[in-house]
Structures are given as structure tokens and as C-alpha cells.
Amino acid sequence: MNENNTIIEVFGADIICASCVNAPSSKDTYEWLQAAISRKYPNQPFTIRYVDIEQPSENERDKEWAERIQNDEFFYPLILINNEVVGEGYIQIQPIFSTLEKLGFQPSE
């Protein structure tokens, strides 16, 4: 079982990424991930946070990621798990689940 509190971060904006036509919004992606992970890995601790790249932040690390997205280094939403990029733009769930399982998450039966 997962021993540490895994941190999942969703960096995004209210406006849907121009390259991500028909994709859900960043906020919708955040809510979808939260529900899907909680359902597949019940009673396993994780923290999920949403960072709006268009809002000012006091957190230097968040600012750096936001700038990288705004400079077109990454598409948004950008998904990080414990500081590792696991998805960007049109998000697929399987790479996220695979990363979580490598970290010790056990799917419910």
C-alpha cells in the first residue's frame, strides 16, 4: 500500500487550451481525476491541487510551472505527480493510474 502522501497537481486555466479542441476544461479535468482516483484507489492517501496559471501566486514553484506553460513548453492542463509530468493537454487516465501504481497504490477489487 502507498505509504507516503502522493501529491497530484493540475496546472490549468479557465480557457480551454487551443490545441485541445473538445477536451474538458482544466477544472473539469481536476474534478474528474479526483473522483476517478478516489474510486479506483479507495482509502489511499493523496493530495490533489488545482493551480490556475492565470492567477497571481506567491509560490515560486507554481509561478515557474505557470510560466513554462505560458511559454508553450507544455500544454495545459498539465498533470504532475510528485513533481513528475504525467500528462498534458488532452489527459488520458491510464498513464496516471500506472504512475500511481508504481508509487504503491493498490486498485480496489
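We're numbering straight along the sequence, starting at 1. Atoms considered below: every heavy atom in the structure, side chains included; atoms not considered: hydrogens, waters and symmetry mates.
- With hydrophobic clusters built from ILVMFWY side chains whose heavy atoms lie under 4.5 angstrom apart, I81 shares a cluster with I93.
- Here the closest heavy-atom approach between residue I91 and residue P77 is recorded as CD1-O, 3.6 Å.
- Within 6.0 Å of CD on Q92 lie no more than 12 heavy atoms contributed by other residues, nucleotides or ligands.
- Considering all non-hydrogen atoms of both residues, S26 and A13 come closest at OG-N, 3.3 Å.
- With L78 as the fixed residue, the side chain to side chain contact (heavy atoms under 4.5 Å, CB included) test singles out one of V85, V51, V10: V85.
- From E9, atom CD reaches atom OG1 of T47 across 9.5 Å, with rounding to the nearest 0.5 Å.
- Applying the salt bridge (Lys or Arg N to Asp or Glu O under 4.0 Å) criterion to K63, with sequence neighbours excluded, gives E60.
- In this structure the side chain of E88 never reaches within 4.5 angstrom of the side chain of E73, judged on heavy atoms.
- With a 4.5 Å cut-off on side-chain heavy atoms, L80 and W65 count as touching.
- In this structure, CZ on R68 lies 4.0 Å from CZ on F74, to the nearest 0.5 angstrom.
- Salt bridge absent: K102 and E84 never bring a charged side-chain N and a carboxylate O closer than 4.0 Å.
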Can I get a per-line list of side-chain donor-acceptor pairs under 3.5 Å for residues 30-41, giving both atom names and the distance, sequence neighbours left out?
residue : atom : partner : partner atom : Å
S38     : OG   : Q34     : O            : 2.9
Y41     : OH   : F97     : O            : 3.4
Y41     : OH   : E101    : OE2          : 2.7

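- Atom OH of Y76 and atom CD1 of I53 lie 5.5 Å apart (nearest 0.5 Å).
- Taking CZ of F105 as the reference point, atom CG of L100 lies at 5.0 Å (rounded to 0.5 Å).
- Taking every heavy atom of both residues into account, N59 and D62 meet most closely at OD1-N, 3.0 Å.
- Of the inter-residue distances, the one linking N82 atom CG with L103 atom CG reads 5.5 Å to the nearest 0.5 angstrom.
- In this structure, Y50 and F11 have side chains that are not in contact, with every pair of non-hydrogen atoms separated by 4.5 Å or more.
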message: Between N83 and R61, does the side-chain contact (heavy atoms from CB on, under 4.5 Å) criterion hold? Intermediate values first, please.
response: CA-CA 10 Å; N83 283 323; R61 184 182 158 284; 2.5 Å; yes
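- Under a 3.5 Å cut-off, the side chain of N71 and the backbone N or O of E67 do form a donor-acceptor pair.
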